Amino acid sequence: MHRAKILHLIASQTPCDPVCIKGWVRTRRDSRNFSFIEINDGSCLANIQVIAAETLHNYDEIRRLTTGSAVAVTGSLVASTGKGQQWEIRATSVEILGLASENFPLQKKRHTDEYLRTIAHLRPRTNKYGAAMRLRSDMAWAIHAFFRERGFCYIHTPIITASDCEGAGELFRVTTLNPASDAADPKAEEAGNSRDFFGAEANLTVSGQLSAEMLALALGDVYTFGPTFRAENSNTRRHAAEFWMVEPEMAFCDLAGNMDLAESLIRSLVSFAMEQCRQDLDLFARFVDPTLMTRLATIAENTFVRVSYAEAVNLLSQSGHPFEFPVSYGCDLQTEHERYLTESCFRKPVIVYNYPKEIKPFYMRLNDDGQTVAAMDVLVPVIGEIIGGSQREERLEVLETRMRDQGLDHARYWWYLDSRRFGSVAHSGFGMGFERLLMLVTGISNIRDVIPFPRTPGSIEF
RNA sequence: UCCCCAGUAGCUCAGUCGGUAGAGCAAGUGGCUGUUAACCACUGGGUCCGCGGUUCGAGUCCGUGCUGGGGAGCCA
């Protein structure tokens, strides 16, 4: 018989007979002649209540059903006579598919996030993590829809790369060489990378940007959305060694157009979540972050503030706020500065643009003042930096000079420089951390809790 | 990598001044009941993170290691 999803049954307008659901027991309450069983199948936050009468042939087994057990229930969907729910299923059959032993680690009470991380393989069976995973899926679809509506081409840039996107962080090495046997063989040491699989040093990607630029300069508007790796020893609640990044890249687009797209992306994704993910979002608003809904509404309904780096430094130094790190022109903004701007100064998202060239990588376009580059960071309350991007340097000579200044070898970037030799045009793009977006939308404060199986320094269980 | 905090029953936690281990939930048994993280009674359950030290005596104090968390740097 067709397996119905609980999501659809609880939205039903009429009784329905017969129906079949399959899912996992959340709790069982026994009465004299029957039992209440709450089933969740992951299709939505809500459970459905099943009435299992003592007349069922396996009622003895049903009364021993434990939390976490898998069952298939057939019966009729009828109006509930109890209070908490509109519909319930009067079972004609409760088939036990897989019993959970009594040491099932998820109890019906609240667990700490720290404990749930130690059982990451089971935590999606909880309300909070089930909701987080559904939201992750919905937001991924919303991102694709956003770009598709605007005519962007979804491109796939390599996971294994030879070049690093300079300045983006430490790299994970990819190799088929065996370090133990190589160490014992001095000749192997000498031969080095040429013996390796690719005949050169290879790493996991830290950004698809350089490749994406090449495709933007052919297809116009493109974006990547995929995994990204940073081997930084960062121990914070908003960094992971493996995360997903959304990277649009647009030909014939300057910094202003870039900021427009970034703002429009975040606002429409937040609106989408508020409209389409109501039930799951309500859970976060109730149990995770009571200020969530007002913060999301503020983001969706207001234009973002745009201030230049120079204006931002002025605002900060004149604020009178006692910062741990003093502000001065030429220094990169510290976390406390970024959060002050977005949380105290403006109380909404802020885009800071035109940073001093010394603190930004070579590919960002040099402004006419010769001192700043056309970079922009989008800062949002609580999370801080969620997007970093720039207009790219399209002038070959200027790009080569900047690479020389930063000590980069032109030869290694020959293909990148080629794009500036053959029909170079103004183009821009940015990177948005997908998990940081999820943290923004759910109010979940640790990046490890919006990733099913997070990778952080010293942690690769599961 | 640096700074700070924590580690006690399966889970969440309490444990006073250093004096020999407690609660709720979970589990087991029984009862009651259209219940809503159901309820009531009883039962079982401990390497107090590891190692070393101080002390007549350490869950408690000191040192050290490990693990987890928060903050900083780096960034998305």
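None of the values given here were measured: they were computed from a predicted structure. Naming: A, B, ... by sequence-line order, numbering from 1 per chain.
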Distance-only donor-acceptor check, side chains A:Asn203 and A:Thr161, under 3.5 Å: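 No - no donor-acceptor pair under 3.5 Å links their side chains.
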Pair A:Ser31-A:Arg29, side-chain donor/acceptor within less than 3.5 Å: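 Looking only at side-chain atoms, A:Arg29 and A:Ser31 do not form any donor-acceptor pair under 3.5 Å.
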Pair A:Phe434 + A:Phe225: ring centers closer than 6.0 Å: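 Between A:Phe434 and A:Phe225, the centre distance is under 6.0 Å.
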Given [options], identify the nucleotide with an atom nearest to the side chain of [X].
X	options	answer
A:Ser234	B:G68, B:C74, B:A76	B:C74
A:Arg436	B:C32, B:A76, B:G69	B:A76
A:Gln85	B:C75, B:C13, B:U35	B:U35
A:Arg448	B:U36, B:A76, B:G69	B:G69
A:Thr236	B:A76, B:A72, B:U35	B:A72
A:Phe36	B:U1, B:G34, B:G68	B:G34

Paired nucleotide for B:U54 [Watson-Crick or G-U wobble; both distances under 3.5 Å]: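 When the pairing criteria are applied, nothing turns out to pair with B:U54, so the answer is none.
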Rounded to whole angstrom units, what separation is found between the [atom1] atom of [X] and the [atom2] atom of [N]?
X	N	atom1	atom2	answer
A:Ile447	B:G71	CD1	C1'	17 Å
A:Phe104	B:G28	CZ	C1'	19 Å
A:Glu232	B:G73	CD	C1'	10 Å
A:Arg63	B:U35	CZ	P	15 Å
A:Ile359	B:C74	CD1	P	10 Å
A:Leu116	B:G10	CG	C1'	14 Å
A:Trp244	B:A76	CH2	P	18 Å
A:His239	B:G70	NE2	C1'	15 Å

Just checking [X]: base, sugar-phosphate only, or nothing, at a heavy-atom cut-off of under 4.0 Å?
X	answer
A:Leu106	nothing
A:Ser80	base
A:Glu88	base

Nucleic acid contacts - residues 12-34 of chain A versus RNA chain B, non-hydrogen atoms under 4.0 Å: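 Those residues are A:Thr27, A:Arg29, A:Asp30, A:Ser31, A:Arg32, A:Phe34.
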Could you list the donor-acceptor pairs under 3.5 angstrom formed between side-chain atoms of residues 350-358 of chain A and any protein atom two or more places apart in sequence or on another chain?
residue, atom, partner, partner atom, Å
A:Asn354, OD1, A:Asn367, ND2, 3.0
A:Tyr355, OH, A:Asp377, OD2, 3.2
A:Lys357, NZ, A:Gly370, O, 3.4

Residue whose nearest RNA chain B nucleotide is more 5′ - A:Gly431 or A:Ser445: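 Upstream on the strand: A:Ser445.
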Residue whose nearest RNA chain B nucleotide is more 5′ - A:Phe243 or A:Phe325: A:Phe325
Taking OP1 and OP2 of [N], is either one under 4.0 Å from a side-chain nitrogen or oxygen of [X]?
X	N	result
A:Asn235	B:G69	no
A:Arg238	B:A72	yes
A:Gln334	B:A72	no
A:Arg237	B:G69	no
A:Thr335	B:G73	yes

Option from A:Ile10, A:Ile6, A:Leu9 for which side chain to side chain contact (heavy atoms under 4.5 Å, CB included) with A:Ser43 holds: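 Exactly one pass, corresponding to A:Ile6.
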P gap between B:C13 and B:G57, integer Å: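 The answer is 34 Å between these two P atoms.
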Atom C1', compared across B:G31 and B:U20: separation rounded to whole Å: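 Looking at atom C1' only, B:G31 and B:U20 are 37 Å apart.
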Distance-only donor-acceptor pairs under 3.5 Å for side chains of residues 11-22 of chain A, two or more places apart:
residue, atom, partner, partner atom, Å
A:Ser12, OG, A:Thr14, N, 3.3
A:Ser12, OG, A:Thr14, O, 2.7
A:Gln13, NE2, A:Ala11, O, 3.4

NZ/NE/NH1/NH2 to OD/OE distance under 4.0 Å, A:Asp449 and A:Lys128: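 Salt bridge: no.
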Whether A:His321 and A:Tyr340 hold their rings parallel, tilted or perpendicular, with breakpoints at 30° and 60°: tilted
A:Arg26: which of A:Asn127, A:Thr126, A:Thr67 passes side chain to side chain donor-acceptor pair (under 3.5 Å):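 In the set A:Asn127, A:Thr126, A:Thr67, the residue that makes a side chain to side chain donor-acceptor pair (under 3.5 Å) with A:Arg26 is A:Asn127.
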